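Start at 1 with the first residue, then count along the sequence. The structure presented is a predicted model; accordingly, all values stated were derived computationally and were not measured.
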Amino acid sequence: MTVETQKNKLTEYKTIYEGGIGEITEKKSRFIATVRPVETEEDALAFLEEMKKKYWDARHNCYVYSVGTNREFTRCSDDGEPSGTAGRPMLDVILGEEIYNVAVVVTRYFGGVLLGTGGLVRAYSKAVQEGLAASTVILKQKGIVLQITTDYTGIGKIQYIAGERSLPILDSEYTDRVVLKLLVSVQEIGSVENAITEGTNGRAQLKQDGECYYSVIDGEVQTFDH
């Protein structure tokens, strides 16, 4: 992995906002995929226990989880299915979709017909895809809160730049001067600061006032600690 790739993994990544449940049937066997967002390995293990209790009467509860922006904690299990036919194919879907901080349990109720190695791989992969399709997947971006202090002659240009670049305005204060807080992605911060400085002829005071992750969900900006 290159340094640039590592950097990108830290500045933006896909994850689960709300988990979902997807189900498929293959030759009378039911495959139920439950997807859950997780922040720690403890979260993932607690979720696995919850699913094992819920589906205690199932033949198999295969799972995968990947935690951390560098996938520090990534595990998968076939739970009694032939080696390599469940956990690894499930992990391949997660890796292929580039989703982080996620856990998936695929529960199988055996229908009496053997699927064979290839059939199992396809079924577990498809089940995970159905579970993800039933979930809310979001892109989290690392952002910087940019505090801008200006006089009233500069506010129009700043609002124009914010609108042109779709920069969320987190807060605004109008007194004898105007103070705005914009949320800017780390990739754009340099160009935004330059644009504001040039657009206001250097009259605006700029201050980076913290970092957060953010995502646009149903048209609304949501912020996160990580």
Exceeds 12 heavy-atom contacts within 6.0 angstrom, atom [atom1] of [X]:
X      : atom1 : value
Phe73  : CZ    : no
Asp57  : CG    : yes
Glu220 : CD    : no

pair [X]-[Y]: side-chain heavy atoms closer than 4.5 Å:
X      : Y      : answer
Tyr109 : Ser29  : no
Ser77  : Cys62  : no
Ile138 : Thr15  : yes
Val67  : Thr74  : no
Tyr214 : Lys140 : no
Glu97  : Leu132 : yes
Val178 : Tyr152 : yes
Gln147 : Gln208 : no

Whether [X] side chain and [Y] backbone form a donor-acceptor pair below 3.5 Å:
X     : Y      : value
Asp78 : Gly87  : yes
His60 : Arg108 : no
Thr85 : Glu81  : no

Considering all heavy atoms, the nearest [X]-[Y] contact:
X     : Y      : value
Ile24 : Ala123 : CD1-O, 3.3 Å
Ala33 : Ala127 : CB-O, 3.1 Å
Val64 : Ile94  : CG1-CG1, 4.1 Å

Donor-acceptor side-chain pairing of [X] and [Y] below 3.5 angstrom:
X      : Y      : value
Tyr213 : Gln141 : no
Thr153 : Asp151 : yes
Thr107 : Asn61  : yes

Would you please test Thr223 and Leu183 for side-chain contact (heavy atoms from CB on, under 4.5 Å) and show each step? CA-CA 10 Å; Thr223 59; Leu183 186 54; 4.1 Å; yes

Using side-chain contact (heavy atoms from CB on, under 4.5 Å), reason through Leu146 and Leu206 one step at a time and then give a plain yes or no. CA-CA 7 Å; Leu146 182 63; Leu206 307 181; 4.2 Å; yes

List the steps, then state whether side-chain contact (heavy atoms from CB on, under 4.5 Å) holds for Asn101 with Tyr65. CA-CA 7 Å; Asn101 291 349; Tyr65 62 83; over 6 Å; no

Hphob cluster co-occupancy, [X] + [Y], side-chain heavy atoms under 4.5 angstrom:
X      : Y      : result
Val121 : Val128 : no
Tyr124 : Ile99  : yes
Val216 : Leu139 : no
Met51  : Ile32  : yes
Val35  : Tyr63  : no

Nearest 0.5 Å, please: how far is [atom2] in [Y] from [atom1] in [X]?
X      : Y      : atom1 : atom2 : result
Arg88  : Ser83  : CZ    : OG    : 11.5 Å
Ile158 : Arg203 : CD1   : CZ    : 9.0 Å
Thr149 : Leu180 : OG1   : CG    : 8.5 Å

Report the residues that fulfil salt bridge (charged side-chain N to carboxylate O under 4.0 Å, His left out) with [X], sequence neighbours left out, ordered by chain and then residue number.
X      : result
Glu23  : Arg30
Glu193 : none
Glu211 : Lys142

Any chance you could lay out the side-chain contact (heavy atoms from CB on, under 4.5 Å) test for Val93 and Gln129, step after step, and finish with the verdict? CA-CA 7 Å; Val93 174; Gln129 291 166 349; 3.9 Å; yes

Pairs under 3.5 angstrom only: tabulate donor-acceptor contacts from the side chains of residues 42-50 to other protein residues two or more places apart or in another chain.
residue: Asp43; atom: OD1; partner: Thr40; partner atom: OG1; Å: 3.4
residue: Asp43; atom: OD2; partner: Glu39; partner atom: N; Å: 3.1
residue: Asp43; atom: OD2; partner: Thr40; partner atom: N; Å: 3.3
residue: Asp43; atom: OD2; partner: Thr40; partner atom: OG1; Å: 3.4
residue: Glu50; atom: OE1; partner: Arg36; partner atom: NH1; Å: 3.4
residue: Glu50; atom: OE2; partner: Arg36; partner atom: NH2; Å: 3.0

Phe31 six-ring centre to Lys126 NZ/CZ under 6.0 Å and within 45° of normal: no

For Tyr100, does the six-membered ring have the charged nitrogen or CZ of Arg71 within the cation-pi criterion, i.e. under 6.0 angstrom from the centroid and within 45° of the normal? yes

For residues 161-174, which side-chain donor-acceptor pairs fall under 3.5 Å, sequence neighbours excluded?
residue: Glu164; atom: OE2; partner: Tyr160; partner atom: OH; Å: 3.4
residue: Arg165; atom: NH1; partner: Ser191; partner atom: OG; Å: 3.1

Electrostatic pair Glu26:Arg122 at N-O distance under 4.0 angstrom: no

For Leu114, the rest of its hydrophobic cluster, which grows through side-chain links under 4.5 angstrom: Phe110

